[in-house]
Enquirer: 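Quick one: structure below, then a few questions.
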Amino acid sequence: MFDPVTDAFIGGHWMSGPTRFAVTNPANGVVIAEVANLGPVQTVEAIDAAEKALPAWSALTAKARSAILMRWNALILENTEALAELMTAEQGKPLHEARGEVAYGAAFIEWFAEEAKRSYGHTIPTTASSKRMMSIKQPVGICAAITPWNFPIAMITRKVGPALAAGCTVVVKPSEETPLCALALARLAEIAGVPAGVLNIVTGTDAAAIGQVLCDDPRVRKLSFTGSTEVGKILYRQCAGTVKKLSLELGGNAPFIVFDDADLDAAVAGALASKYRNAGQTCVCANRMLVQSGIYDAFAERLAQEVGAFAVGSGSDPDTVIGPLINDEAVNKVEGLVNGALEMGAKALTGGARHDAGAQFFTPTVLIDVTPQMEIFSQEIFGPVAPLFRFETEAEAIALANGTPYGLASYFYSQNVNRCWRVGEALEFGMVGINEGLFSTEVAPFGGWKESGLGREGASEGLSEYLETKYLCFGGVQ
Ligand code: NAP
């Protein structure tokens with residue numbers, strides 16, 4: 001691991017801040033760094049810096065901005081091992097997953113560096129012979145990004161990549177649980193030649209106060225947030241005063257449906273990949289396993305066999321499959337949901353309790369005989385627990401799957417092509433994995449329906465979130 005950068009980054013300067021806060025390793029509670037603790041005053045300074053940098057950055061050609069972003073992408077990839085070790089130390093995920101996130105995160109910078117050169121407007125067939133009409137795309141302006149701890153690099157690059165490519169400047173507020181990856185990214189951006197003030201990182205523990213400044217300041221024209229639906233709703237309200245553009249990537253409650261006609265091996269493999277990655281702490285993790293009666297027992301047995309064999313431990317151990325949860329609160333929540341289900345008649349085929357690897361570990365779990373009346377049906381678990389619900393008909397499965405205010409990810413397994421079309425179209429979710437447990441990529445639109453959010457990240461849609469459309473009408477043409 002390279003020495004972590006621990007000062008905040010504003011206007012091209014590294015700032016030690018009025019106080020410091022501790023960042024701990026969730027695997028063992030050891031303090032790994034003391035980071036600059038900024039507040040509202042420094043947040044205004046960061047917006048000032050972003051304002052100062054905006055005219056020159058937005059005036060560069062897309063090709064010039066793209067070249068700088070490509071250098072940043074290359075530097076991130078060159079430092080994969082060091083970044084992955086840093087991520088595992090502050091976030092807890094196994095090293096092989098951390099390496100994967102570095103590559104995935106860098107891919108957004110590369111993708112948007114390429115896309116920026118293709119942000120076309122339109123020429124519009126005129127409605128009057130004396131007029132000529134066209135639309136052009138221009139950067140939104142100063143953007144704010146508030147990001148969570150579960151993907152400390154990718155959740156930042158999915159926002160900063162398109163913002164910078166479009167010609168915007170950015171103020172990022174990373175989670176206080178994982179500020180070190182954000183600061184390391186900023187250091188590499190500085191080396192890559194991103195000019196002072198174009199990217200600013202405000203680290204701090206008073207998220208509400210920092211968020212309030214970012215929402216209230218009329219100079220900030222867009223807020224992009226990834227995190228819980230609860231906080232997303234607060235920010236949505238706070239942004240009303242200045243009518244900011246908003247991207248909200250919020251919580252999920254993903255159904256994972258296994259029909260009787262599924263390929264059992266593929267369904268089990270997909271369930272393992274979707275449910276247990278990052279110890280179950282992803283917004284697209286399968287949250288409710290809906291399994292048809294005819295395949296229920298076989299699926300449950302196979303899944304439990306695989307899950308029971310998972311190695312649990314520190315993410316830095318190369319054999320580890322399941323690392324720690326992010327904090328005590330997370331472990332308490334998972335334990336409460338599992339106990340609630342067990343008390344109401346569910347059974348643990350494997351796991352079902354905390355793990356003795358340490359205070360923040362939970363044993364990978366498979367629960368059977370779970371019913372929609374149990375709290376675990378409606379709550380985002382965010383832990384390594386798969387609850388298996390039984391259903392009889394396709395209509396019942398669709399009703400159960402859609403019976404949630406969330407609409408982020410969904411999955412189903414079936415070998416019947418007609419069913420694949422029917423169910424794929426009936427699910428009220430922004431993303432559907434059909435016989436596939438992993439679908440996230442920079443080239444496809446990521447985002448949710450209903451209370452899972454607004455807007456899309458990745459793909460060409462991801463760039464348009466940072467662009468305004470301007471209509472130009474030339475009159476008096478003879
Ligand atoms: P969170 O508690 O909502 O926090 C997310 C970010 O918001 C953090 O930086 C946090 O800062 C900050 N924050 C907290 N309260 C705030 C406030 N009042 N005003 C402004 N900012 C505030 O969520 P989390 O626990 O970190 O992340 C887990 C959640 O994120 C899950 O619900 C998950 O589904 C969702 N998620 C969604 C996606 C997606 O793409 N849809 C991706 C990943 C995660 P501090 O951490 O410093 O308190």
Side-chain angles (χ1 to χ4, degrees), residues 8 21-23 26 35 37-40 43 90-91 93 101 104-105 108 144-159 171-182 201-216 220 223-239 246-254 277-287 325-327 329-330 333-334 379-383 404-409 429-431 439-440 444-458 462 465:
F21 67 97
V23 177
V35 172
N37 193 3
L38 308 190
T43 307
E90 69 173 344
Q91 198 273 335
K93 68 180 60 176
E101 185 185 335
Y104 174 61
F108 285 93
I146 301 179
T147 55
W149 48 264
N150 62 346
F151 288 90
I153 285 185
M155 295 303 106
I156 292 178
T157 57
R158 288 209 299 196
K159 302 177 189 313
V171 178
V172 179
K173 205 299 286 176
S175 169
E176 69 196 69
E177 306 276 7
T178 56
L180 299 175
C181 282
I201 312 281
V202 175
T203 48
T205 53
D206 195 347
I210 294 168
Q212 186 82 53
V213 172
L214 295 171
C215 292
D216 288 349
V220 177
L223 173 74
S224 180
F225 171 75
T226 298
S228 61
T229 295
E230 185 192 354
V231 173
K233 287 179 180 177
I234 295 172
L235 298 173
Y236 203 163
R237 280 193 288 272
Q238 286 180 180
C239 284
L246 269 176
S247 292
L248 299 174
E249 296 284 352
L250 308 179
N253 185 0
R277 201 160 48 102
N278 202 7
Q281 303 170 106
T282 88
C283 55
V284 293
C285 271
N287 207 52
L325 300 187
I326 190 68
N327 53 32
E329 207 186 321
K333 179 181 174 189
V334 173
Q379 295 286 320
E380 197 176 26
I381 304 167
F382 248 55
T404 166
Y406 296 102
L408 191 60
F429 293 81
M431 296 170 286
F439 50 59
S440 298
F446 189 105
W449 289 17
K450 292 156 80 177
E451 293 187 21
S452 288
L454 301 173
R456 291 294 180 273
E457 293 188 325
E465 301 277 337

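Only heavy atoms go into these numbers, but all of them, side chains included; no hydrogens, no water, no symmetry mates. Bear in mind that the values here come from a model prediction, so they are computed numbers and not experimental data. Counting starts at 1 for both ligands and their atoms, in listed order.
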Enquirer: Which heavy atom in Glu101 sits nearest to a heavy atom in Ile153, and how many Å separate them?
Expert: OE2-N, 2.8 Å
Enquirer: Taking the six-membered ring of Phe151 as reference, does the cationic atom of Lys93 (NZ for Lys, CZ for Arg) lie under 6.0 Å from its centre and within 45° of its axis?
Expert: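 Yes, Lys93 sits over the ring of Phe151.
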Enquirer: Can you tell me if Glu177 contacts ligand 1 (heavy atom of the residue under 4.0 Å from the ligand)?
Expert: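 Per 4.0 Å heavy-atom rule, Glu177 does not contact ligand 1.
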Enquirer: Identify which of Thr229, Asn150, Asn278 has a heavy atom lying nearest to atom 44 (C) of ligand 1.
Expert: Asn150
Enquirer: So for ligand 1, is Thr226 a polar contact partner (N or O within less than 3.5 Å, distance only)?
Expert: no
Enquirer: I'd like to know if atom 4 (O) of ligand 1 has any protein heavy atom within a distance of less than 4.0 Å.
Expert: no
Enquirer: Has Gln281 got a side-chain atom pairing as donor or acceptor with Phe382's backbone, closer than 3.5 angstrom?
Expert: no
Enquirer: Has the side chain of Thr229 got a donor or acceptor atom that lies under 3.5 Å from a matching backbone atom of Leu250?
Expert: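 Judged by distance alone, no pair lies under 3.5 Å.
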Enquirer: Main chain of Gln379, side chain of Asn287: is a donor-acceptor contact present, judged purely on distance under 3.5 Å?
Expert: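 At least one qualifying donor-acceptor pair exists.
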Enquirer: Which option, Ile234, Val231, Ile210, Ile326, owns the non-hydrogen atom nearest atom 16 (C) of ligand 1?
Expert: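 Ranked by closest heavy atom to atom 16 (C) of ligand 1, first place is Val231.
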Enquirer: For ligand 1 and Phe382, I'd like to know whether there is a polar contact (N/O to N/O, distance under 3.5 Å).
Expert: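 In this structure, Phe382 places no N or O atom under 3.5 Å from an N or O of ligand 1.
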Enquirer: Tell me the contacting part of Thr205 for ligand 1: side chain, backbone, both, or neither, using a 4.0 Å heavy-atom threshold, strictly below.
Expert: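 None of Thr205 does.
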Enquirer: Would you check whether Phe151 reaches within less than 4.0 Å of ligand 1, judged by its heavy atoms?
Expert: no
Enquirer: Strictly distance-based, threshold 3.5 Å: is any side-chain N or O of Ser247 a donor or acceptor partner for the main-chain N or O of Ser224?
Expert: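 Checked: no pair found.
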Enquirer: For Cys181, is there any backbone N or O sitting under 3.5 Å from a side-chain donor or acceptor partner on Glu90?
Expert: yes
Enquirer: If hydrogens are left out, which of Gly430, Ala207, Pro148, Gly448 has an atom nearest to atom 27 (O) of ligand 1, that is, the closest non-hydrogen atom?
Expert: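 Selected option, by shortest heavy-atom distance: Pro148.
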Enquirer: Considering only heavy atoms, which of Glu230, Met155, Arg158 lies nearest to atom 40 (O) of ligand 1?
Expert: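 It is Arg158 whose heavy atom sits nearest to atom 40 (O) of ligand 1.
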Enquirer: Select the closest option to atom 41 (N) of ligand 1 among Leu250, Asn287, Thr282, Asn253, judged by heavy-atom distance.
Expert: Leu250
Enquirer: Should the pair Glu457-Lys159 be classified as a salt bridge under the 4.0 Å nitrogen-to-oxygen rule?
Expert: yes
